[in-house]
There are 2 protein chains.
Amino acid sequence: MNVSSLKKNLRPLSLVDSIYQTVLEAIVSGQLPHGSELNSVSLAKQLEVSRTPLREALRLLERDGLVQQEGNHKARVAEFSADDIREIYEVRLQLEAASAELAAKHISPDVLSALRSETDALNQHMGDVDWCEKAIAFDLRFHEAIAAASGNKRLKDEIHRYRLLVRSFCVMTGRQATLQQALNEHISILDALATGRPSAARKAMADHITSRLKEVLSRMTVTNKVPASK
Amino acid sequence: MNVSSLKKNLRPLSLVDSIYQTVLEAIVSGQLPHGSELNSVSLAKQLEVSRTPLREALRLLERDGLVQQEGNHKARVAEFSADDIREIYEVRLQLEAASAELAAKHISPDVLSALRSETDALNQHMGDVDWCEKAIAFDLRFHEAIAAASGNKRLKDEIHRYRLLVRSFCVMTGRQATLQQALNEHISILDALATGRPSAARKAMADHITSRLKEVLSRMTVTNKVPASK
DNA sequence: CGTTTGTCTACTGTATACAGAATACAAAAC
DNA sequence: GTTTTGTATTCTGTATACAGTAGACAAACG
């Protein structure tokens, strides 16, 4: 009986899924820059797989919005205008605000206190060399935890999907001031969750996302002087 | 069947997309019932295509939540529990409420008056034989129009995706009383949109979706006496 | 009679082969 | 010199072939 469950746990993920993950990681890490062409034969050769599973993986990435198909020729890594980013954040705001609202009703004290102590720990080691990386990693966990605490798996998945998009254009440069502000916004969210106030949690999360959007946009206007027009 | 003419109609789109559309339609129309197995070779034979594009189409449908893959064997048309339906409506509520809120800011008077006159026309022809079909078709247009008026293409796409899910389990039986109530709820939404009150529009839409959920759930407990348990 | 094990079938996942479309480049015509 | 057209190359989209695996049924053993 416990053998079958074991077997299910160690099922190897399909080739398509692993290709999906690999290309996804290459995109969000910047290895495959925005706008770069995705030649299916050379990419397949690089990954040492055939084109069939690669095509399926690319199609999934296309549905995620990370890959764009021009006509029916030549897939490219998606490029995002400022308006695209606004749209993405607008949807993301709705999803994450909802997750906070729901989490305020469902979140367990254990998860809550874990998030809080992690936040506190981060606040106390502000000077560390690897502080920024830690803060970025925690930011990810923070949002995923709240999404999971919403109790709605589909909502969680959608949030995850939008987070991927955001990660692909938001390089998460470790500017300490920015991360610190995000951390403070997290505390407001935690407070609302701890006191079980759904609408306050929604608002705190919405404010947080809006603030992040502004930060990303301001950073974009500085860095993207020439947006790779030929 | 009119397979050859179907095949010709599919020409302009990519094969994968047309297979996607065809299977999608078969699912939401109930031709492929929930839980039915999707054998790739026989389905490919039926559609007169090869398995490769069919596989890609099925994978897309899987991402939409309309098809489920057990392990890595045998795709099935998704089955939805009452909890699944609640989750889906919860996300859908967030998306559609957001679209109404945004639409209150952006919707054009033309679109608004068109929606209102269509609603009025429907209200005045209550007795017609084909009233229910018309009402159902309009309901679809109503929500799509508001989603489009949100000015956020991604939000519109997500709403569309969730609408497909809903259509697949909500057979939209033409109970006039139900449709009439939905129509009244639409009027509340239109009023809020017309007077440019975003939060009122959000609330009216949220109430509408909640009301629809209750209706669907109550209908489900009646019809699904035996939910195809083995 | 029930349980186990072996074989057989059928289906899926992946690779490859092939055909048609798009692009680029060169040659010819104006 | 410029434009247009033809050809060649490359890449994508689709079909098919092949291999591995899950599931079913039957036979053998308890």
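Chain letters run A, B, ... following the sequence lines, proteins first, then strands; residues in each count from 1. The basis for the numbers below is simple: all heavy atoms, side chains too, and nothing from hydrogens, waters or symmetry mates.
Taking 4.0 angstrom as the limit, B/S40 places a side-chain polar atom (N or O) nearer than this to OP1 or OP2 of C/dT12. Contact check, A/Q69 against D/dC11: no side-chain N or O comes under 4.0 Å of OP1 or OP2. Proximity of B/S50 to the phosphate of D/dT14: no side-chain N or O atom is located under 4.0 Å from OP1 or OP2. Taking only side-chain nitrogens and oxygens, A/R51 never comes nearer than 4.0 Å to OP1 or OP2 of C/dA15.
Note: CG (A/L54) to C1' (C/dA15) measures 13 Å, nearest angstrom. The separation between B/L38 atom CG and C/dC11 atom C1' is 13 Å, rounded to whole Å. A/L15 places its CG atom 11 Å from the P atom of C/dG13, with the value rounded to the nearest Å. The distance between atom CZ of B/R55 and atom P of D/dA15, rounded to the nearest whole Å, is 15 Å. A/L43 has its CG atom 14 Å from the C1' atom of D/dT12, to the nearest Å. Rounded to an integer number of Å, the gap from B/K45 NZ to D/dT14 P is 20 Å. What separates NZ of B/K74 from C1' of C/dG13 is a distance of 15 Å, to the nearest Å. A/D17 places its CG atom 9 Å from the P atom of C/dT14, with the value rounded to the nearest Å.
Take the nearest nucleotide of DNA chain D for A/A75 and for A/T52: the residue whose nucleotide is more 5' is A/A75.
Here the side chain of A/N39 is nearest to one of D/dT16, C/dT14, D/dT12, namely D/dT12.
Checked by atom type, the side-chain pair B/E25/B/Y20 shows no donor-acceptor distance below 3.5 Å. Looking only at atom types and distance, the side chain of B/H143 has no donor-acceptor partner in the side chain of B/H160 under 3.5 Å away.
Considering B/R163, B/K134, B/R212 in turn, B/R163 is the only one that fulfils the salt bridge (charged side-chain N to carboxylate O under 4.0 Å, His left out) rule with B/D139.
Remark: side-chain polar atoms of B/D64 are not paired, donor with acceptor, to backbone N or O of B/L66 under 3.5 angstrom.
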